[in-house]
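A short write-up of the structure that comes next.
The chains referred to below are lettered A, B, ... by the order of the sequence lines, with proteins before strands, and numbering in each begins at 1.
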Amino acid sequence: MYLALMVALPFLGAIAPLLVRHHSRRTISYAAGAVAVVSLLLLGYLTPSVLAGEVPQFLATWLPQLGLHVAFRLDGLSLLFAALILGIGLLIIIYAHFYLSQHDDAGRFYACLLLFMGSMLGIVTADNLILLWFFWELTSISSFLLIGFWFHQSNARRGARMALAITGAGGLALLAGILLIGNIAGSYQLDAVFAAADAIRAHSLYVPALLLVLIGAFTKSAQFPFQFWLPHAMAAPTPVSAYLHSATMVKAGIFLLARLFPVLGGTFEWFTIVTLVGLATMLFGAYFALLKNDLKGLLAFSTISHLGLITMLLGLGTHGALLAALFHILNHATFKAGLFMIAGIIDHETGSRDLRKLGGLRKAMPMTMWLAMITSAAMAGVPLLNGFLSKEMFFTEAYQQHLFGGLSWFIPVLVTLGAMLSVAYSIRFVYDVFFDKAHELPKQPHEPPIMMRVPVLILAALCITVGIAPMIMVSGFLTPALTSVAGADAEVYIALWHGFNLPLLMSVLALLGGIIIYLQRTELFNFNRQFDIRDAKDVFAGIVSRVTRFCDNLMQRIETGSLQRYMAALFILVLVFVIPELMNISALTGSRPQLDVDAISLSGAIILMAAAFGAVIFHRQRLTSLLMLSVVGLMVSLVFIQFSAPDLAMTQLVVEVVSILLMILALFFMPQRIPRSSTGGRVARDILIAGFVGGVVGSITFALLTRPFSSISDYFLANSVPGGGGTNVVNVILVDFRGFDTLGEITVLAIAAAGIHKLLNNLRPFMPSGDVDGRAWHQVKHPMMLQTISQLVLPLALMVSMYIFLRGHNLPGGGFIAGLVTAAAMILQYMANGVDWVKERFNYNYQSLAAIGVLIASLTGVGSWLFGANFLTSWFTYLDWPIVGKFEIATAILFDLGVYLTVIGATLMILANFGQMTTRHRPRQEGH
Amino acid sequence: MSKFLPAPRLSLFLLGFWLLIQNNITPGLIVVGSILAIAIPLFTSRGSDFHVRVARPWKAVEYCFVVLLDIVKSNFSIAAIILSPRRSIYPAWVEYPLAIEGELPITILASTISLTPGTISIEFSHDGRTLLIHSLNVKDAEAMIATIQHRYENRLKVIFQC
Amino acid sequence: MLTTVLQFAFFMFSVALLLNLLRFFRGPDLLDRILALDTIYINSLALLILLGMWHHTSFYFEAALLIAMLGFIGTVAAAKFLLRGDIIE
Amino acid sequence: METLYAITVGTLTACSVYLILRARSFPIVIGLTMLSYAVNLFLFSSGRLVIDQVPIIGAGEPYTDPLPQALVLTAIVIGFAMTAYSIILAVRVRGEFGSDEVNEPNYQAEQEDKR
Amino acid sequence: MLDTLPFWLELTICFFIVLGACFALIGSIGLLRLPDFMTRLHAPTKNTTMGVGGVILGSLIYFGATTGFNIHELLIAIFLFLTAPISAHLLAKAGMHRQLKLTENTRDLRKKPEQFSDEQS
């Protein structure tokens, strides 16, 4: 439980800095710091049990179907890393408080940092591979945010993007690998996976899985050849670099290797790949670290090289190698974080990070100098410092391995070479900055605020103490960690002094060689200048731009901007998918007995089809095809009547009429003459498509109709009266059983109306001054007879609509139809008497009407909560009043009222707004 | 014409209409109906430019029956025209001078004309005092006008007192 | 007897509808089409009433009522479009 | 009867599809509306064709399946909203570009260039 | 259900229905046969309306006889008789406006045609 809390805390805590972001910088930092401290305390609370050898676990099922659980474990390895993440994280937070300038958004910074911290904790404590991957990607994202923190700098953006691209891609590979492993093991829970280790290694898919996982790990921890994103990530604020690239982010890959070592490790493939990649990375990093002039660049490459070192150790995979790896993880984190902070300090105080500009700072900042010397000495592997010990062990392993048979000797040699280089750049880091001759600097350098040095001080102290008394300091930590990697309780022994032996000789060689290389570095630089190594960034950029260009071309070809083409493609696709299915049906005709045709149905069908064809034939004469459409609509409603659906018939009728009105309105703004645009070929094509689609749909319908079916409706039929208090089952379904649909539906209507309202805003439509034959419009706007009758009809229409509304619950009718009837009556007023007339008499705000409608409906739904019922459960009872007699009252009627109002509001909003355009704007004549 | 009952006759009419549409008479319906019959005019009264003043209700009823009768007659005559093969018809434009005033009476008259023997009212003259009629088959325009006058217009005069 | 008569009526109205359809297609003027449309509306209204009698239910009454009310509006709109172009002004 | 119904739905769909494939906005709107009619009929058919069994309790057993009716009713409404929206879009486009071409204005030009 | 009525009642119902049906058909025939728009206008406005009226009357009696008190079909008739002339009127107006071609034997008995012309003056 505490475990889960520990992981969850940073995520929750990430909000804290944002909440107080408008307070002082101090508050924000405290908020962030507090979060880290609490998590650290939680960790501390858990530590003893872990050291005692037990593994606290937490399990909550999330998606059991996918074998995905929220499962955490805190074994030795996790503890080691968690301690690093939280400890150094805390130091970073303190450091960042002084590092960030006033106009940096500290709230955002700390939020991202905590987010990242949480994700890292998640990775190291995840007990489920998929969960692990989940956090893995989270780190990619949060690190993206952190690296791109100064998003106003283009290089920051580019660096962030590159980091995200590489690590993200790696993450995908990792996911694939994890899925493979999970499939083999039959579970994603770590214990199960560990248990299935041998099976996995024996499995035929082992190699692919291994490769995929390794890609994931290598991209994350910047191993060759994926190392190039790391230097560019240096565009991040230094605290971020210090955190991400010393202790956490890049260590995630290492952690993964360590975590999966029991499962994947120990095989020949593992050894070859991991070791060699590690070796290559180490040399590569060391070499370029020496060449870099940028302080942080130097550190970045040295990080790469150290990661390579650790990777290599993991690759070797012997007991000692693993110990060395874990130990070095610890050490590297400490001194590298320190170094980054120092780089930050220097940058902060001098305004420059360029080794060629810097120099002679020893007077200005002696304290910092000492810290720098200690930490970089640790990096170089000077005796009595932690770096020395791990490097010593590393040498031992490198020289003890015999994995390349007769050629095994080249490993120690190269290793020593790498060590020399790292010594060289360590010296360079210290000497070029602090000794050397002073130069002109942007700022007058002086010691940073004390609290900025304290974190470094702590780290440096750790370097020394660990270096002097490793067993006391870290063995406690390392034992369980080693156990969880190497299995079977491994004993840890780290000695200061092994006596005079080859490793010691190698160290000495490394130190001396390093010094020589440093002294001769100018030659090296010149030598290096001869061939210009293309910056990886350009390669990356090139790839990216090529991809984008490819996509552009593709879009060009697909997105022609021709709706016709899209539509055609769409329909053809439908056919492609549906036709095979239809072919699978053995017989189109089902077993259901069929009705026989009668005269009306026949003539109705004939009329319907004829009208449909008419609409097609006359589609160039708009009004005609519109009339055809309205015949179709009428006939459809007759069909509904014929097949016992009066509600549908009525709805269809009103909707049909209203939409016809709408279209006639729109017709006025359409160009009057339509050139014959489509070529014969296109027409033929379209006819073909249309024919096929029609045929397919028709046959599906037939197949459907002729098959017997069972429906869930018996429930509705049975419960309509007892449950919904209405005899019109359709209406009861709408307002009660599936009331939520209806609520959504009227909301859609309201939204559509609102959207239309906006669409019509400040639209200046074209308006023809006369009809197609150039005849001027008739003078009389509002024919007298029409006016009179419309005014007579209005009350009657309202009465009818009320009638339909009130009976809806028990008989065909209901709010929707009633609403449209009312709307239609109002539209009649508009048509007969004009906008202004209606405005001055019935001045209602249709928007609010619709809104009120939706509100009422929703409130009715919510109301049922008050009675402890579910949302939109309708309540009804029968009253018996003296004169009135027995009658029913139901909340459903309220809901229906909501529908009624919404429909009126929305419809009038659409039509009236539309109609007003002509009165609102001065006509804009055709052609001008 | 009180504030709450702007048009009592209309309300009464609506109540009747309500019962008619309900196709049933129960106390409950009457209550609901009267509520609506009072409520709806409150809403619509502003929306009618004219006041329906039926001075002689019984005359109105009589008028309805006369019209119905004529409708039936006219139907037969037109049926004859339609069904008779190859009988040439004599359509004509005829002007009809309006004697009555007020939108409603005129509208009613025009409607009646449209519904009854072979005539359809088409246009009002600009001054609105003459009605243009299209007659499907007319020998003697004057006679037709006379019929319309004494059969309908005079009755409407009596009914609406205009 | 009533049964046969109803069937007869159905037949008549079906024919009537088909005739209207013919005019509807023939035109020649838009107005003819509109007129035909109006007639189709009214005839189908009658059909509904007959259907009601045939099935001996009054459930089709409201639909018929709506046709009577709304068919009119449609026709008016179309006519006004031909007269003024803009039907709501 | 089923056959007739199926044929009708098929025809309706075919016509609407053809209309939707036109190059002008107005026929497309008409096509969309017609298509929604067709779709409604299709959905409705999932309740099968039943004559004179109105799903109103008390109208006399048996009752036809009310559920498709309820769904189709909703569908009709949504269809109405969609029609309204598309028609207004068409008007808007006409107002903005002065034409009711549904293909991007430059599309024709591109075609010319290709030839 | 359909055959439980007394004979004379059934007879009247049938009479009205047949009458209505016939008139509706005649109306439609007229719509098809008559020479020009104006004359065509007459057929539906009168006969079809009347035809529907007949049917309505029939069903009125029928339901009255079978299910007791029943008059609400009247409403439909009312609406029809209210609206049919109006639509006819508007259509005719439009016809005038569009100056549709009429049969040659249409006589213009107007004394002052100009006051009906809707040209801008």
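Rounding to the nearest 0.5 Å gives a distance of 4.5 Å between CG of A:L760 and CD1 of D:I88. A:I712 contributes atom CD1, which lies 5.0 Å from atom CG of D:L67 (distance to the nearest 0.5 angstrom). Interatomic distance, A:R622 CZ to D:S25 OG, rounded to the nearest 0.5 Å: 6.5 Å. To the nearest 0.5 Å, atom CG of residue D:L4 and atom CG of residue A:D596 are 11.5 Å apart. Here the OG atom belonging to A:S637 is positioned 12.0 Å from the CG atom belonging to D:N40, to the nearest 0.5 angstrom. Within the model, atoms CZ of A:F816 and CZ of D:F80 stand 7.0 Å from one another, a figure rounded to the nearest 0.5 Å.
Ranked by heavy-atom pairs under 4.5 Å with chain D, the list A:V597, A:L629, A:L662 is led by A:L629. With chain D as partner, the option from A:A906, A:G633, A:A611, A:G814 having the largest number of non-hydrogen pairs under 4.5 angstrom is A:G633. Comparing D:T11, D:L21, D:V17, D:V54 by how many heavy-atom pairs each has under 4.5 Å with chain A, the most go to D:L21. Of the listed residues A:R707, A:R592, A:Q642, the one with more heavy-atom pairs under 4.5 angstrom with chain D than any other is A:R592. Ranked by heavy-atom pairs under 4.5 Å with chain D, the list A:I746, A:V748, A:L667, A:I689 is led by A:L667. In terms of heavy-atom pairs under 4.5 angstrom with chain D, the leader among A:F571, A:F692, A:F668 is A:F571. Annotation: maximal heavy-atom pairing with chain A below 4.5 Å, among D:T13, D:V50, D:L71, D:T8, occurs at D:V50. Contact count versus chain A (heavy atoms, under 4.5 Å) is highest, among D:L19, D:D52, D:V9, for D:L19. Highest contact tally toward chain D, considering only A:L648, A:T651, A:N728, A:I733, is held by A:L648 [criterion: heavy-atom pairs under 4.5 Å].
Taking the six-membered ring where the residue is Trp, A:F640 and D:F44 present perpendicular rings, their angle passing 60° and hence far from 30°.
Of all heavy-atom pairs spanning A:F709 and D:G47, the tightest one is CZ-O, 3.9 Å. Between A:A666 and D:V91, the shortest heavy-atom distance links the atoms CB-CG2, 3.7 Å. Looking at every heavy atom in both residues, D:A84 comes nearest to A:I910 through CB-CD1, 4.0 Å. Of all heavy-atom pairs spanning D:I76 and A:Q652, the tightest one is CD1-OE1, 4.0 Å. Nearest heavy-atom pair, D:A6 versus A:F702, reported as atom, atom and distance to 0.1 Å: CB-CB, 3.6 Å.
Annotation: side chain of A:T589 is not in contact with side chain of D:E2 (no heavy-atom distance under 4.5 Å). A:M609 is not listed as a side-chain neighbour of D:L12, based on a closest heavy-atom distance of 4.5 Å or more. A heavy-atom distance below 4.5 Å is found between the side chains of D:F26 and A:L626. Residues D:M1 and A:F643 are in side-chain contact: their nearest non-hydrogen atoms beyond the backbone lie under 4.5 Å apart. Between D:I56 and A:V729, the closest side-chain pair of non-hydrogen atoms is not below 4.5 Å.
D:P27 touches chain A through its side chain: at least one heavy atom from C-beta onward sits under 4.5 Å away, while N, CA, C and O do not. Looking at D:S16, there are no atoms closer than 4.5 Å to chain A (heavy atoms on both sides), in backbone or side chain. D:I30 touches chain A through backbone and side chain together, each having a heavy atom under 4.5 Å away. Interface remark: A:P812 contributes backbone and side-chain atoms alike to the contact with chain D (heavy atom separation under 4.5 Å).
Under 3.5 Å, the side chains of A:S713 and D:D65 contain a donor-acceptor pair of N or O atoms. In this model, no donor atom of one side chain and acceptor atom of the other lie less than 3.5 Å apart for D:T74 and A:D741.
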Working for side chain to side chain contact (heavy atoms under 4.5 Å, CB included), residues D:T83 and A:M663: CA-CA 9 Å; D:T83 311; A:M663 292 190 193; 3.5 Å; yes

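Checking side-chain atoms of D:R94 against main-chain N and O of A:F669 turns up a donor-acceptor pair under 3.5 Å. Within the 3.5 Å criterion, the main-chain N or O of A:S644 finds a donor-acceptor partner in the side chain of D:Q69. A donor-acceptor distance shorter than 3.5 angstrom exists from the side chain of D:R48 to the backbone of A:L704, with no hydrogens or angles considered.
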